[in-house]
Amino acid sequence: MQIYKNQTLKIYNSIAGKKEVFKPINEGHIGMYVCGPTVYSNVHLGNCRTFMSFDMIFRYFKHLGYKVRYVRNITDAGHLVDDADEGEDKIAKKALLEQIEPMEVVQRYTVDFHNTLQKFNFLPPSIEPTATGHIIEQIEIIKEIIEKGFAYEVNGSVYFDVVTFNKTNNYGKLSGRKLEDMIANTRELSAQSDKKNPQDFALWKKAEPEHIMRWPSPWGDGFPGWHLECTAMSTKYLGKTFDIHGGGMDLKFPHHECEIAQAEASNGVSPVNYWLHANMLTLNGKKMSKSTGNNIYPNEMFTGENPILSKPFSPSAVRFFMMQAHYTSILDLSNDALLASEKGYLKLMEAITNLKGLPTGSSSNLNVDAWKQKCYDAMNDDFNSPILIAHLFEAVKHINLIKDGKESITANDKTILEETLNTFVFEILGLTGVNEDGNGNSKKLEEVVNLLIQLRNDARSNKDFALSDQIRDQLLAMGIQLKDGKDGTTFNVS
RNA sequence: GGCAUCGUGGCCGAGUGGCUAGGCAGAGCUCUGCAAAAGCUUGUACAGCAGUUCGAAUCUGCUCGAUGCCUCCA
């Protein structure tokens with residue numbers, strides 16, 4: 001279904017600084033590139049939020065009927081640890097530390113990354129290319145940039161000549177910086193550099209003898225610079241100009257700025273039509289960061305084993321928490337905020353469960369078609385998932401009223417409501433049901449609790465309230481809450 | 001220091017020139033054997049100051065505060 005033909009999607013384009021109507025290069029097709037993780041340590045929850053934002057965006061595009069090629073790379077080599085002058089490979093450093101092969105580090109953390117995303121119910125990207133798998137492509141780009149006069153070689157390393165580039169192009173247009181200002185503000189601290197200019201960045205770095213990760217090149221053994229892989233892989237799989245490039249806000253400068261420069265220098269055209277930047281997840285009001293240790297890991301969320309958490313939170317509850325904030329806003333993680341959104345999540349899930357058994361009538365109190373369009377409108381407005389969720393709760397309210405016999409819904413409307421809820425909640429937001437990310441014993445648990453409910457109801461009809469309350473209260477102490485409704489008793493597990 | 005973003009009620013978090021955000025928590029009511037759940041009703045708000053306007057939380061300016069980037073980081 002080509003839903004996109006009837007919906008107008010607006011996207012906040014970082015490079016334009018405003019929302020723009022989205023129009024893909026080829027009708028019905030979208031090329032999207034998102035900067036993936038550097039696999040030298042476990043992904044923390046902040047990393048996950050960015051990828052989750054783009055997972056949601058990917059899901060919405062697909063729902064709209066676009067054929068999407070979603071490329072998300074794995075950075076498994078080449079990022080420098082300190083200053084570019086120091087020339088040390090992050091992956092190699094970690095490998096020496098742990099006395100294993102670099103590719104072993106890469107493998108371990110790539111697996112961790114995939115496992116984590118799977119728990120959060122991510123859709124796999126169409127292509128997940130690695131930097132080490134595209135060394136040849138990167139070398140070719142460097143050759144081209146040198147040829148066009150935008151790069152120079154010094155002592156086996158190649159640097160991008162930002163000053164020369166800026167004469168014909170605009171270096172800084174994405175991040176709103178001016179090269180003159182940057183030069184004016186540079187402190188001359190690091191001497192002995194091969195670079196002509198501090199703003200120049202490495203395309204290729206010469207490998208010192210002790211450097212394990214190295215590849216032959218026209219300039220000697222070395223490794224690619226840290227912005228190049230994205231240019232190489234996005235160009236290879238999506239073309240010289242493609243629709244969407246995403247990534248974390250912290251990559252805007254210099255990483256994405258350099259990508260633009262590399263692509264314009266080598267291809268002569270602007271690489272990206274729409275730049276999307278997902279904002280940070282903060283902890284204690286500060287950005288999560290590997291280096292400062294201000295972070296929390298997904299597994300700590302699921303087990304509750306972190307000092308700031310009062311209890312474990314399911315992947316889906318965490319996902320709901322993140323979806324309640326707009327992807328361009330900073331979101332601060334706290335136990336209170338998680339508890340609040342978990343309750344909301346459970347309420348939403350329960351309503352969806354209850355919807356199935358709802359009676360139908362001759363009229364509807366909710367204008368289902370109008371409501372459905374409001375859901376689309378929310379997503380069409382730069383993927384505004386918080387507004388969407390607000391609308392979902394409007395449906396929850398009606399479902400509960402119908403369940404209480406205070407409102408009614410026609411059979412046809414009920415079908416639309418059910419389909420729409422399933423679409424937005426599971427397909428687009430990517431949430432899963434309460435017990436679905438559990439351990440598979442939910443069926444047995446359900447049977448056991450239903451038996452207890454039956455026993456309690458017998459006790460209640462015999463006015464044996466001591467027994468009935470004992471069943472209810474002890475179940476509650478175990479985290480199983482009984483809910484007496486008009487048509488019997490249900491329960492949920494927290 | 002430079003560039004950028006943000007500052008919304010007890011907490012989280014949308015919105016953006018006039019019209020309900022939503023969730024959680026609080027209060028009252030309905031329901032209930034009592035509760036819980038659910039429903040209904042309900043209070044506290046747009047950092048400060050000045051300006052533009054018939055009207056601003058929303059636009060402009062300034063002040064204060066916070067964050068991000070400027071060095072690897074989603």
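To find a chain, count down the sequence lines: A is the first, B the second, and so on, and within it residues start at 1.
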- Check the side chains of A:Glu259 and A:His255 for a donor-acceptor pair under 3.5 angstrom, ignoring hydrogens and angles. yes
- How far does the P atom of B:C24 sit from the matching atom of B:G17, given to the nearest Å? 29 Å
- In whole angstrom, give me the gap between the P atoms of B:C40 and B:G22. 11 Å
- Message: On RNA chain B, compare the nucleotides closest to A:Cys35 and A:Ile389; which residue's is nearer the 5' end?
- Response: A:Ile389
- Donor-acceptor pair between A:Thr75 and A:Asn73 side chains, under 3.5 angstrom: yes
- So what does A:Ala337 hit on the nucleic acid, given a heavy-atom distance under 4.0 Å: a base, only sugar-phosphate, or nothing? sugar-phosphate
- Sorted by first residue and then second, give each salt bridge (charged side-chain N to carboxylate O under 4.0 Å, His left out) pair with at least one member in residues 246-257 of chain A; sequence neighbours left out. A:Asp250-A:Lys287
- Pick the C1' atom in B:G65 and in B:G48, then give their distance to the nearest Å. 10 Å
- Item | B:U20 to B:G43 separation - P atoms, rounded to the nearest Å | 13 Å
- Query: What is the distance, rounded to the nearest whole Å, between atom CG of A:Leu281 and atom C1' of B:G13?
  - Reply: 14 Å
- Task: Compare the minimum distances between each of B:C12, B:A74, B:C70 and the side chain of A:Phe253, then state the nucleotide with the smallest one.
- Result: B:C70
- Task: Test A:Tyr274 against A:His245 for ring-ring contact (aromatic ring centres under 6.0 Å, His included), laying out the working first.
- Result: CA-CA 6 Å; A:Tyr274 301 88; A:His245 191 127; over 10 Å; no
- Query: Which ones in residues 172-180 of chain A lie close to RNA chain B, meaning a heavy atom under 4.0 Å from one of its atoms?
  - Reply: A:Ser175, A:Gly176, A:Arg177
- Just one of A:Phe122, A:Phe113, A:Tyr327, A:Phe120 clears the ring pair (Phe, Tyr, Trp, His ring centres under 6.0 Å) bar with A:Phe51, so which one? A:Phe113
Pairs under 3.5 angstrom only: tabulate donor-acceptor contacts from the side chains of residues 457-466 of chain A to other protein residues two or more places apart or in another chain.
from: A:Ser461; atom 1: OG; to: A:Asn457; atom 2: O; distance (Å): 2.7
from: A:Ser461; atom 1: OG; to: A:Asp458; atom 2: O; distance (Å): 3.1
from: A:Asn462; atom 1: ND2; to: A:Asp458; atom 2: O; distance (Å): 3.2
from: A:Asp464; atom 1: OD1; to: A:Leu467; atom 2: N; distance (Å): 3.3

- Query: Would you say a side-chain N or O of A:Thr38 is under 4.0 Å from OP1 or OP2 of B:A74?
  - Reply: yes
- Note on the structure: Across all chains, not counting sequence neighbours, the salt bridge (charged side-chain N to carboxylate O under 4.0 Å, His left out) partners of A:Asp243 are none
- Task: Return the set of residues passing salt bridge (charged side-chain N to carboxylate O under 4.0 Å, His left out) with A:Lys374 (not counting sequence neighbours), or none when no residue passes.
- Result: A:Glu394
- Task: Starting at atom CE of A:Met52, determine the distance to atom P of B:A74, rounded to an integer number of angstrom.
- Result: 16 Å
- Taken to the nearest whole Å, CG/A:Asp473 to C1'/B:G33 is 14 Å
- Message: Using a heavy-atom cut-off of 4.0 Å across all strands, would you classify A:Asp332 as base, sugar-phosphate, or nothing?
- Response: sugar-phosphate
- With a non-hydrogen cut-off below 4.0 angstrom, is A:Leu339 in contact with a base, only sugar-phosphate, or nothing? nothing
- Rounding to a whole Å, what distance do you find between A:Tyr345:OH and B:C12:P? 23 Å
- Among all residues two or more places apart in sequence or in another chain, which pass the salt bridge (charged side-chain N to carboxylate O under 4.0 Å, His left out) test with A:Lys178? none
- Roughly how far, to the nearest 0.5 Å, is the CD1 atom of A:Ile296 from the SG atom of A:Cys48? 11.0 Å
- Task: Just call it for A:Lys286: base, sugar-phosphate, or nothing, with non-hydrogen atoms closer than 4.0 Å on any strand.
- Result: sugar-phosphate
- Item | Sugar-phosphate only, base, or nothing, as touched by A:Gly46 at under 4.0 Å among non-hydrogen atoms | base
- Task: Determine the interatomic distance between C1' on B:U44 and the same-named atom on B:U8; round to the nearest Å.
- Result: 13 Å
- Query: Counting side-chain heavy atoms from CB outward, which of B:G68, B:G33, B:G23 is closest to A:Ala340?
  - Reply: B:G23
- Expressed in whole Å, how much space separates the C1' atoms belonging to B:C70 and B:C59? 30 Å
- Query: Which nucleotides of nucleotides 34-39 of chain B have their base under 4.0 Å from a protein heavy atom (B), which only their sugar-phosphate (S), and which neither (-), written as one string 5' to 3'?
  - Reply: BBBBSS
- Task: Using whole Å, report how far CG of A:Asp336 lies from C1' of B:A25.
- Result: 10 Å
- Between B:G33 (P) and A:Leu467 (CG): distance, integer Å: 17 Å
- Message: What is the separation between atom CD1 on A:Ile183 and atom C1' on B:C3, rounded to the nearest whole Å?
- Response: 15 Å
With 3.5 Å as the limit, what N/O pairs link the protein to nucleotides 14-18 of chain B?
from: B:A14; atom 1: OP1; to: A:His326; atom 2: N; distance (Å): 2.7
from: B:A14; atom 1: OP1; to: A:Ser329; atom 2: OG; distance (Å): 3.0
from: B:A14; atom 1: O3'; to: A:Asn384; atom 2: ND2; distance (Å): 3.4
from: B:G15; atom 1: OP1; to: A:Asn384; atom 2: ND2; distance (Å): 3.0

- Give one of base, sugar-phosphate or nothing for A:His391, where a contact means two heavy atoms less than 4.0 Å apart. nothing
- Take the protein atom CG of A:Leu117 and the nucleotide atom P of B:A74, then report the distance between them rounded to whole Å. 13 Å
- Message: Please report the distance separating the P of B:G23 from the corresponding atom of B:G18, rounded so that it comes out in whole Å.
- Response: 23 Å
- Query: How would you list, by chain and number, every residue that makes a salt bridge (charged side-chain N to carboxylate O under 4.0 Å, His left out) with A:Arg49, sequence neighbours excluded?
  - Reply: none
- Query: Any donor-acceptor pair under 3.5 Å linking the side chain of A:His326 with the backbone of A:Ser329?
  - Reply: no
- Hits for ring-ring contact (aromatic ring centres under 6.0 Å, His included) against A:His391, two or more places apart or cross-chain, chain-then-number order -> none
- Item | A:Phe160/A:Phe165 under ring-ring contact (aromatic ring centres under 6.0 Å, His included): CA gap, chis, key distance, verdict | CA-CA 8 Å; A:Phe160 190 94; A:Phe165 175 78; 5.3 Å; yes
- Task: Report the secondary structure of RNA chain B in dot-bracket form, marking unpaired bases with a dot and bases paired to a different strand with |, and treating Watson-Crick or G-U pairs with both distances under 3.5 Å as paired.
- Result: (((((((..(((.....[...))).(((((.......)))))....(((((..]....))))))))))))....
- Interatomic distance at C1', B:G7 relative to B:U16, whole Å: 15 Å
- Salt-bridge test for A:Asp112 and A:Arg108: reply yes if a basic N is under 4.0 Å from a carboxylate O, no otherwise. no
- Item | Aromatic-base stack, A:Phe393 on B:G23, cutoff 5.5 Å, angle under 30 | no
- Of A:Gly248 and A:Pro254, the one whose closest nucleotide on RNA chain B sits nearer the 5' end is A:Pro254
- Just grab all the salt bridge (charged side-chain N to carboxylate O under 4.0 Å, His left out) pairs involving residues 469-483 of chain A, residues at least two apart or on different chains. A:Glu350-A:Lys483, A:Asp469-A:Arg472
